[in-house]
Asker: 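A single structure is presented below for examination.
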Amino acid sequence: MTAPTTSTPTAGAPAGHEHGYVHYAHREDYLKRLRRIEGQARGLQRMVEEEKYCIDILTQVSAMTKALQSVALGLLDEHLSHCVVEAARAGGPEADAKVKEAAEAIARLVRS
């Protein structure tokens, strides 16, 4: 999946890099955290395969859930502080669409 781009390059990004979903400066941090979460998922699979104690597995599921929520909140904060603010400055239907999109994302996070 390719992130959509705008015509404005992201500050601090290498030449030719356009702003997409994730601010370039934070990209490696998110990838590092997601790789750790991927390791947690493999650990959970191993725990189930080895028939570990259910409460221990549930504890690890909870830790993984918190880690994913942390990533989601970071991405949401980034989206609000960059994408939504820029759209609000521009005004018009794009601003309304970005606010609606953010509200729907928040609702999904709250339900999960």
Side-chain angles (χ1 to χ4, degrees):
M1 172 170 37
T2 305
T5 59
T6 65
S7 60
T8 308
T10 303
H17 179 80
E18 302 290 327
H19 180 70
Y21 288 111
V22 178
H23 190 275
Y24 180 78
H26 302 132
R27 183 172 162 247
E28 286 305 315
D29 291 336
Y30 286 122
L31 289 172
K32 206 181 308 183
R33 291 164 82 184
L34 289 167
R35 286 183 193 110
R36 263 188 254 129
I37 293 166
E38 182 180 23
Q40 285 178 295
R42 283 192 303 274
L44 278 167
Q45 290 171 358
R46 223 174 4 265
M47 290 177 80
V48 170
E49 287 170 353
E50 296 170 2
E51 298 182 13
K52 297 293 183 184
Y53 186 55
C54 294
I55 296 302
D56 293 340
I57 296 171
L58 289 170
T59 299
Q60 292 306 310
V61 167
S62 177
M64 189 172 156
T65 300
K66 294 279 187 201
L68 280 169
Q69 287 172 339
S70 176
V71 169
L73 290 173
L75 289 168
L76 179 62
D77 179 63
E78 194 163 326
H79 182 68
L80 291 172
S81 63
H82 294 103
C83 301
V84 175
V85 167
E86 288 301 316
R89 283 187 185 127
E94 183 181 348
D96 295 337
K98 288 287 182 189
V99 169
K100 182 176 189 249
E101 178 184 61
E104 290 169 352
I106 292 167
R108 283 191 302 274
L109 286 172
V110 170
R111 283 192 301 266
S112 61

Asker: Rounded to the nearest 0.5 Å, how far apart are NE2 of H79 and CG of D77?
Answerer: 11.5 Å
Asker: Kindly work out whether a path of hydrophobic side-chain contacts (I/L/V/M/F/W/Y, heavy atoms less than 4.5 Å apart) joins L76 to L68.
Answerer: no
Asker: Minimum heavy-atom separation for A87 to A95, with atom names?
Answerer: O-CB, 3.2 Å
Asker: Indicate every side-chain donor-acceptor pair of residues 46-65 with a distance under 3.5 Å to a residue at least two apart or in another chain.
Answerer:
residue	atom	partner	partner atom	Å
T59	OG1	I55	O	2.8
T65	OG1	V61	O	2.8

Asker: May I ask you to decide whether R42 forms a salt bridge with E38, counting only side-chain N to carboxylate O separations under 4.0 Å?
Answerer: yes
Asker: Please give me the minimum heavy-atom distance between V84 and V99, naming the atom from each residue.
Answerer: CG1-CG2, 4.1 Å
Asker: Which is it for K100 and E104 under the salt bridge (Lys or Arg N to Asp or Glu O under 4.0 Å) test, yes or no, and what are the steps along the way?
Answerer: CA-CA 6 Å; K100 182 176 189 249; E104 290 169 352; 3.1 Å; yes
Asker: Between CZ of R27 and CD of E78, what distance do you get to the nearest 0.5 Å?
Answerer: 12.0 Å
Asker: Within the 4.5 Å heavy-atom criterion, are E94 and K98 side-chain neighbours or not?
Answerer: yes
Asker: Grouping I, L, V, M, F, W and Y whenever their side-chain heavy atoms are under 4.5 Å apart, do L44 and I37 come out in a common cluster?
Answerer: yes
